Amino acid sequence: MGIVQSATKWPQKALDQACRCVTIGEVALKRMMFLAKVTGMSVSTARKGSRIVDRPEYASKFSPLTARRDTTVAVAVQAMKSKNYGCIVITNGSGQVEGIVTERDIMFKLVAENRDPQTVVLSDIMTSDIRMAKETDNVLDWLRIMSNERFRRLPVVDSEGRLQALLTQGDFVSYTWPDLMQQAGGLAKAAILGQLHYIVIAGLAVIVAIVALAI
């Protein structure tokens, strides 16, 4: 309740903070996508191990916070606060994903509308039409999709829609950074080698000029 009460007392401040978080994430993704475009990186040029499940960081991901659709927002916020999580995934009895509630949902759909977190349940404010990935999907594909469609969290599910993990924009930036830097380094080397003959000619011209002055 602490988060909800604080946000209710200063709703505009809370909403502004949520918007800033979204903006920061979008800027990071745009920078990463620009580098990918400049380096010409694509699915076909990505290094082996570019699937989500192949990334070594994926195995160490914390289990996502989950709740049932009839859980009150007050209870969910307490759970989010205790684990310092920014969202909670709504699943059914089989572990299949039904929706997600983020800090943004709480701010915009509950706090901004002065609704009671003790009576409002997660199904009232959750986003149910969400994107979900499979473990075998390509990391860069999802980086591009998240950038284009402007969302920050991505549940990873198995073939039956059961939740396996929850990835964020930050995860995808860290996962793809080595690939993009490798491509950028290769591009820089290629550019230098492509201009090598001009560098040699310029160097010879300088030597000739120096010799001529000496004579």
Side-chain angles (χ1 to χ4, degrees), residues 1-8 11 14-15 17-26 29 52-53 55 57-137 139 141-143 145-173 175:
M1 278 297 295
I3 296 176
V4 173
Q5 288 176 341
S6 175
T8 304
L15 292 174
Q17 183 178 5
C19 290
R20 281 197 297 273
C21 290
V22 173
T23 301
I24 291 171
E26 289 173 352
L29 270 179
I52 291 174
V53 71
R55 306 306 300 181
E57 305 93 334
Y58 179 73
S60 62
K61 285 289 295 180
F62 293 110
S63 298
L65 184 62
T66 63
R68 298 292 180 83
R69 59 188 300 119
D70 59 352
T71 303
T72 65
V73 175
V75 171
V77 167
Q78 283 293 340
M80 291 166 64
K81 179 182 178 182
S82 66
K83 291 183 174 293
N84 195 29
Y85 282 10
C87 70
I88 188 165
V89 182
I90 293 79
T91 58
N92 61 20
S94 301
Q96 296 170 317
V97 177
E98 295 187 330
I100 189 169
V101 170
T102 67
E103 293 168 325
R104 184 186 179 95
D105 291 317
I106 295 170
M107 297 300 177
F108 288 4
K109 300 176 184 178
L110 184 115
V111 176
E113 297 180 7
N114 295 315
R115 302 170 73 180
D116 184 2
Q118 297 285 359
T119 58
V120 175
V121 295
L122 293 178
S123 60
D124 293 332
I125 65 170
M126 73 180 185
T127 301
S128 55
D129 184 19
I130 59 175
R131 287 278 205 166
M132 291 183 282
K134 299 291 181 58
E135 290 183 328
T136 53
D137 289 348
V139 172
D141 283 345
W142 278 111
L143 176 64
I145 293 170
M146 294 178 80
S147 176
N148 291 338
E149 298 186 13
R150 298 163 67 88
F151 62 93
R152 300 169 55 207
R153 295 175 176 90
L154 180 71
V156 180
V157 298
D158 63 15
S159 59
E160 308 215 350
R162 292 186 294 257
L163 184 64
Q164 303 299 305
L166 183 71
L167 301 180
T168 66
Q169 285 181 342
D171 292 322
F172 282 99
V173 170
Y175 288 6

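No experiment lies behind these values; they were computed from the predicted model shown.
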*Is there side-chain contact between Leu65 and Met80, with at least one heavy-atom pair below 4.5 Å?*
yes

*Take Cys87 and Leu166 through the side chain to side chain contact (heavy atoms under 4.5 Å, CB included) test and state the conclusion after the steps.*
CA-CA 10 Å; Cys87 70; Leu166 183 71; 3.3 Å; yes

*Looking only at heavy atoms, what is the nearest atom pair of Val121 and Arg69, with distance?*
CB-O, 3.8 Å

*Can you tell me how far the NZ atom of Lys61 sits from the CD atom of Gln164, to the nearest 0.5 Å?*
14.0 Å

*Sub-3.5 Å donor-acceptor pair from the side chain of Asn148 to the main-chain atoms of Ile145, do we have one?*
no

*Minimal non-hydrogen separation, Arg115 against Asp124, with atom names*: NH2-CB, 3.8 Å

_To the nearest 0.5 Å, what is the distance between CZ on Arg68 and OG on Ser123?_
13.0 Å

_Are the side chains of Met107 and Thr102 in contact, using a 4.5 Å heavy-atom criterion?_
no

*What are the two closest heavy atoms between Pro155 and Val97, and how far apart are they?*
CB-CG2, 4.5 Å

*Under a 4.5 Å cut-off applied to non-hydrogen side-chain atoms, are Thr168 and Arg152 in contact?*
no

*asked:* Walk me through whether Trp142 and Arg131 qualify under side chain to side chain contact (heavy atoms under 4.5 Å, CB included).
replied: CA-CA 10 Å; Trp142 278 111; Arg131 287 278 205 166; 4.0 Å; yes

*Evaluate the criterion side chain to side chain contact (heavy atoms under 4.5 Å, CB included) for residue pair Val77 and Ile106; output intermediate values, then yes/no.*
CA-CA 9 Å; Val77 167; Ile106 295 170; 3.7 Å; yes

*asked:* To check you understand the geometry: which heavy-atom pair defines the closest contact between Ile88 and Ala76, and what is its length?
replied: CD1-CB, 4.1 Å

*For the atom pair CD (Glu98) and OG1 (Thr91), what is the distance rounded to the nearest 0.5 Å?*
7.0 Å

*Of the non-hydrogen atoms in Leu163 and Pro64, which two are nearest, and what is the gap between them?*
CD2-CG, 3.4 Å

*asked:* If I compare all heavy atoms of Ile52 with all of Tyr58, which pair ends up nearest, and what's the gap?
replied: O-CB, 3.5 Å

*Separation between CZ of Arg153 and CZ of Arg104, rounded to the nearest 0.5 Å*: 10.5 Å

_Atom pair CD (Glu135) and CZ (Arg55), whose distance is rounded to the nearest 0.5 Å_ = 14.5 Å

